[in-house]
Amino acid sequence: MTPDFDVALTVDQLSLWYGERQALHNINLHIPRQQITALIGPSGCGKSTLLRCFNRMNDVIDNCRISGEILLEQESVLHGQQDLSALRRRVGMVFQRPNPFPKSIYENVIYGLRLQGVRDRRVLNEACERALRAAALWGEVKDHLGQNALTLSSGQQQRLVIARAIAIEPEVLLLDEPTSALDPISTLVIEELMHSLKQHFTLVLVTHNMQQASRVSDYTAFMHNGALVEFGETDRIFTSPKVRRTEDYITGRYG
Ligand SMILES: Nc1ncnc2c1ncn2[C@@H]1O[C@H](COP(=O)(O)OP(=O)(O)OP(=O)(O)O)[C@@H](O)[C@H]1O
């Protein structure tokens with residue numbers, strides 16, 4: 001069925017196996033452009049596995065086999081001529097634990113641009129400021145960009161990692177439980193940040209936190225046992241789910 005929104009990613013009959021064990025079962029899903037889509041579901045249901053398919057992070061896992069297709073703006077992600085580093089420039093990722101490099105704040109942010117061969121100091125400085133502003137960190141770090149990134153608080157480190165990811169202007173940003181290692185205040189800061197980032201990027205968020213999914217996401221996909229059970233606008237999923245299993249999960253009856 002054609003969705004009534006602009007599509008950034010199309011998942012078409014996607015199945016995935018780790019060795020003999022099937023972890024994703026025939027997933028069909030459209031991820032809306034410049035919106036936040038939350039992937040929710042009980043532990044082990046395949047949320048992170050699906051997220052990792054979007055930038056082919058599963059490629060490094062031995063015995064991982066995939067069938068079906070994912071399209072990024074109509075181009076094949078899984079097959080075809082897609083170059084992995086080009087794909088990952090278009091589809092950035094932020095993990096559960098902040099993982100800045102043991103370098104200065106400045107060098108962290110411009111890391112991807114340096115890899116791309118950008119040398120012009122003015123271009124790098126502007127990109128650094130732009131990314132830090134977009135990641136709501138500029139005000140806190142602008143006077144000590146040379147400081148080692150590991151001296152920042154975890155909440156600041158996570159915003160720095162987001163700045164690093166967006167400095168190269170990806171189309172899609174994948175967020176795998178980005179606040180689960182953070183305190184409630186840092187969590188709220190990142191949630192507000194996600195809200196502003198969707199003006200420029202498509203966000204896909206894996207979260208265990210139902211309040212977070214309902215607070216920040218526009219669309220929600222509920223997964224169970226490797227299958228997509230239900231997808232729709234977040235307000236609808238949380239107020240009138242069509243499937244009993246979704247209702248049981250979001251009302252805390254299991255998971
Ligand atoms: N590298 C791997 N090798 C083998 N099996 C894996 C691997 N990664 C995940 N799995 C299995 O695939 C299934 C889905 O895991 P996945 O991490 O995607 O679930 P999840 O919904 O993100 O879970 P959680 O919420 O606990 O992070 C699980 O049964 C898990 O044990």
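Only heavy atoms go into these numbers, but all of them, side chains included; no hydrogens, no water, no symmetry mates.
Using a distance-only test at 3.5 Å, with no hydrogens or angles considered, no donor-acceptor pair links the side chain of His200 to the main chain of Pro170. For Ser217 (side chain) and Thr220 (main-chain N/O), no donor-acceptor pair under 3.5 Å exists by modelled atom type.
Among residues at least two apart or in separate chains, there is no ring pair (Phe, Tyr, Trp, His ring centres under 6.0 Å) pair with a member in residues 24-74.
Across His224 and Cys45, no two heavy atoms sit closer than the pair CA-CB, 3.9 Å. The minimum heavy-atom distance linking Ile40 with Phe238 is given by the pair CD1-CZ, 4.4 Å. In terms of heavy atoms, Met194 sits closest to Pro178 at CE-CG, 4.3 Å. Of all heavy-atom pairs spanning Val109 and Cys128, the tightest one is CG1-CA, 3.8 Å. Counting all heavy atoms, side chain and backbone alike, Gly41 lies closest to Tyr249 at O-OH, 3.2 Å. Considering all non-hydrogen atoms of both residues, Leu182 and Thr187 come closest at O-OG1, 3.6 Å.
Between Ile27 atom CD1 and Asp12 atom CG the span is 12.0 Å, to the nearest 0.5 Å. Atom CD1 of Ile36 is separated from atom CG of Leu175 by 8.5 Å, given to the nearest 0.5 angstrom. To the nearest 0.5 Å, atoms CG (Leu51) and NZ (Lys47) are separated by 10.5 Å. A distance of 11.0 Å separates CD in Glu233 from OG1 in Thr37, rounded to the nearest 0.5 Å. Taking OG of Ser104 as the reference point, atom NE2 of His144 lies at 12.5 Å (rounded to 0.5 Å). With rounding to the nearest 0.5 Å, the separation of CG in Leu174 from CD1 in Ile31 is 9.0 Å.
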- [ ] Mind running side-chain contact (heavy atoms from CB on, under 4.5 Å) on Leu71 and Gln74 for me, showing each step along the way?
- [x] CA-CA 5 Å; Leu71 300 175; Gln74 304 309 321; 3.9 Å; yes

- [ ] Decide yes or no on side-chain contact (heavy atoms from CB on, under 4.5 Å) for Gln35 and Phe5, but give the supporting numbers first.
- [x] CA-CA 10 Å; Gln35 300 280 307; Phe5 47 73; over 6 Å; no

- [ ] Go through Ser67 and Gln13 one step at a time and tell me if the side-chain contact (heavy atoms from CB on, under 4.5 Å) criterion holds.
- [x] CA-CA 8 Å; Ser67 73; Gln13 298 190 12; over 6 Å; no

Task: From CA spacing to verdict: side-chain contact (heavy atoms from CB on, under 4.5 Å), Ile110, Val118 - done: CA-CA 9 Å; Ile110 61 160; Val118 180; over 6 Å; no

TODO: Carefully, step by step, assess Asn148 and Thr151 under the rule side-chain hydrogen bond (donor to acceptor under 3.5 Å, both in side chains).
DONE: CA-CA 6 Å; Asn148 192 307; Thr151 61; 5.7 Å; no

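With sequence neighbours left out, the side-chain hydrogen bond (donor to acceptor under 3.5 Å, both in side chains) criterion links Thr246 to Glu230. Listed by chain and number, the residues in a side-chain hydrogen bond (donor to acceptor under 3.5 Å, both in side chains) with Asp235 amount to none (sequence neighbours excluded). Considering only residues two or more places apart in sequence or on other chains, Asp218 meets the salt bridge (Lys or Arg N to Asp or Glu O under 4.0 Å) condition with Lys198.
Between Arg114 and Glu107, some side-chain heavy-atom pair lies under the 4.5 Å cut-off. Contact annotation: the side chain of Leu84 approaches that of Arg56 to within less than 4.5 Å [non-hydrogen atoms, C-beta and beyond]. In this structure, the side chains of Glu129 and Lys142 stay at 4.5 Å or more apart for every pair of heavy atoms. No side-chain heavy atom of His195 sits under 4.5 Å from any side-chain heavy atom of Val216. Contact annotation: the side chain of Thr49 approaches that of Arg52 to within less than 4.5 Å [non-hydrogen atoms, C-beta and beyond].
When the side chains of ILVMFWY residues are joined at heavy-atom separations under 4.5 Å, either directly or via intervening members, Phe101 and Leu137 end up in two distinct hydrophobic clusters. Placement of Trp17 and Leu50 in two distinct hydrophobic clusters is found when ILVMFWY residues are connected by side-chain heavy-atom separations under 4.5 Å, directly or transitively. Following chains of ILVMFWY side-chain contacts shorter than 4.5 Å, one cannot reach Leu132 starting from Leu150, and the two form parts of different hydrophobic clusters. By the criterion of side-chain heavy atoms lying less than 4.5 angstrom apart, applied directly or through intervening Ile, Leu, Val, Met, Phe, Trp or Tyr residues, Trp138 is not grouped with Tyr111; the two fall into different hydrophobic clusters. Cluster annotation: Leu228 is connected to Leu9 through the hydrophobic network of ILVMFWY side chains, with a link wherever side-chain heavy atoms come within less than 4.5 Å.
Each of Asn58, Asn225, Leu14, Ile66 was scored for a side-chain contact (heavy atoms from CB on, under 4.5 Å) with Leu24, with one residue passing: Leu14.
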Can you list, pair by pair, the side-chain donor-acceptor contacts under 3.5 Å of residues 201-215, counting residues two or more places apart and other chains?
residue	atom	partner	partner atom	Å
Thr202	OG1	Gln34	N	2.9
Thr207	OG1	Asn209	N	2.9
Thr207	OG1	Gln212	OE1	2.9
His208	ND1	Glu177	OE1	3.1
Asn209	OD1	Gln211	N	2.9
Asn209	OD1	Gln212	N	2.8
Gln212	NE2	Thr179	OG1	3.0
Gln212	NE2	Glu191	OE2	2.8
Ser214	OG	Met210	O	3.4
Ser214	OG	Gln211	O	3.1
Arg215	NE	Glu191	OE1	2.6
Arg215	NH2	Glu191	OE1	3.3
Arg215	NH2	Glu191	OE2	2.8

What donor-acceptor contacts under 3.5 angstrom involve side-chain atoms of residues 89-100, with partners at least two apart or in another chain?
residue	atom	partner	partner atom	Å
Arg90	NE	Glu171	OE2	2.6
Arg90	NH1	Glu75	OE1	3.4
Arg90	NH1	Glu75	OE2	3.3
Arg90	NH2	Glu171	OE1	3.2
Arg90	NH2	Glu171	OE2	3.4
Gln96	NE2	Ser180	OG	3.1
Asn99	OD1	Arg164	NH2	3.2

